[in-house]
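As structure tokens, the structure follows; a few thoughts come after it.
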Amino acid sequence: MSSPSLAAASNPAVDIVRDRADLRGRVLRWRAHGARIALVPTMGALHDGHLSLIDIARARADRVVVSIFVNPTQFAPGEDFDRYPRDEAGDLARLAERGVDLAWMPAVGDMYRPDAATTVHVDRLTEGLCGPWRPGHFDGMATVVAKLLIGCGADVAVFGEKDWQQLQVIRRMVTDLDIPVEIVGAPTSREPSGLARSSRNVYLDARERSAAEALNGVLHETAAAILAAAADDGDAVAGALTRGRARLTDLGYGRVEYLDLVDAETLAPLDRPPVPGRPARLLVAARLGSTRLIDNIPVEARTTA
Ligand code: PAF
């Protein structure tokens, strides 16, 4: 990828809207010409992972809108809202380079009325995994995503599989609220080491980065141990998860918030190896210094011929 300043010089600038009425006007005009419209919601600090979401959006639509909004309501108390990386100029250069049609950059005051009294809460799917560790996070996330989807009126919206729980929460919300948009999950973009790309990776120092690069390997070792066990082995899953957590501690991780095997769609915890036809997912959240890392992989039993 070329540097933002070079890209800005060689690509026409991306159009910016901040006001929802302007955005709707643009979207309605495109639609009047028969265009299919995609939205890629982001919190900015764009990296190659975001660019892969944009490429997927581009393949599925005629016009691509990228929203950039660091949503204060999805940061739990004490989280990194104030220091979350922000790079408006760099982001706009990357969007221009990718040929994005519109950058939607609302201000907090445009997104939330001061007297707002409505929050979107998605039950069940938010109870486990990140839910207990990030109080209020999923309500804030679901509320802003509902507002982004309704505000833009896109036909399709693309979200990364890196936050698997978020993706399932959004799918459930869109179904339950009858929001007329297709939700597309995009495979996690990874560095050659296997580290999932994340805006928060900039927080890692050299020692933490090397431990972070081992995280995906621990997921794969744990999944292999689970899949090697007999389907009725009640201790195999718990044992593999315990060994995986211990491995993370050995690598220098602080709090391992969870390393859990769950049903891929309902996120219900599984204590037996997955059976063919019922996809499972192995998810982890763990802290390295002040950085919280998440990752996940599919765990699927093969049908034997
Ligand atoms: O995944 C993110 O970047 C955010 O949670 C999202 C979906 C843009 C909502 O603020």
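In each ligand, atom 1 is the first atom listed, and ligand 1 is the first ligand listed.
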>> If we count only N and O atoms by modelled type, under 3.5 Å, do the side chains of Asn71 and Tyr84 hold a donor and an acceptor together?
In response: no
>> Testing the 3.5 Å rule here: is there a donor-acceptor pair between the side chains of Arg197 and Ser189?
In response: yes
>> Under the side chain to side chain contact (heavy atoms under 4.5 Å, CB included) test against Leu248, which residue among Thr222, Val256, Leu288 passes?
In response: Val256
> Can a cation-pi geometry be assigned to Arg86 and Phe81, taking NZ or CZ under 6.0 Å from the six-membered ring centre and within 45° of the ring axis?
Replying inline: yes
>> Give the residues near ligand 1 by chain and number, with the criterion being a heavy-atom distance under 4.0 Å.
In response: Pro41, Thr42, Met43, Gln74, Met141, Val144, Val145, Phe159, Gln166
> If you measure from the Lys or Arg side-chain nitrogens to the Asp or Glu carboxylate oxygens, is any gap between Arg36 and Asp155 under 4.0 Å?
Replying inline: no
> Hey, does Tyr253 have a side-chain heavy atom less than 4.5 Å from the side chain of Leu293?
Replying inline: yes
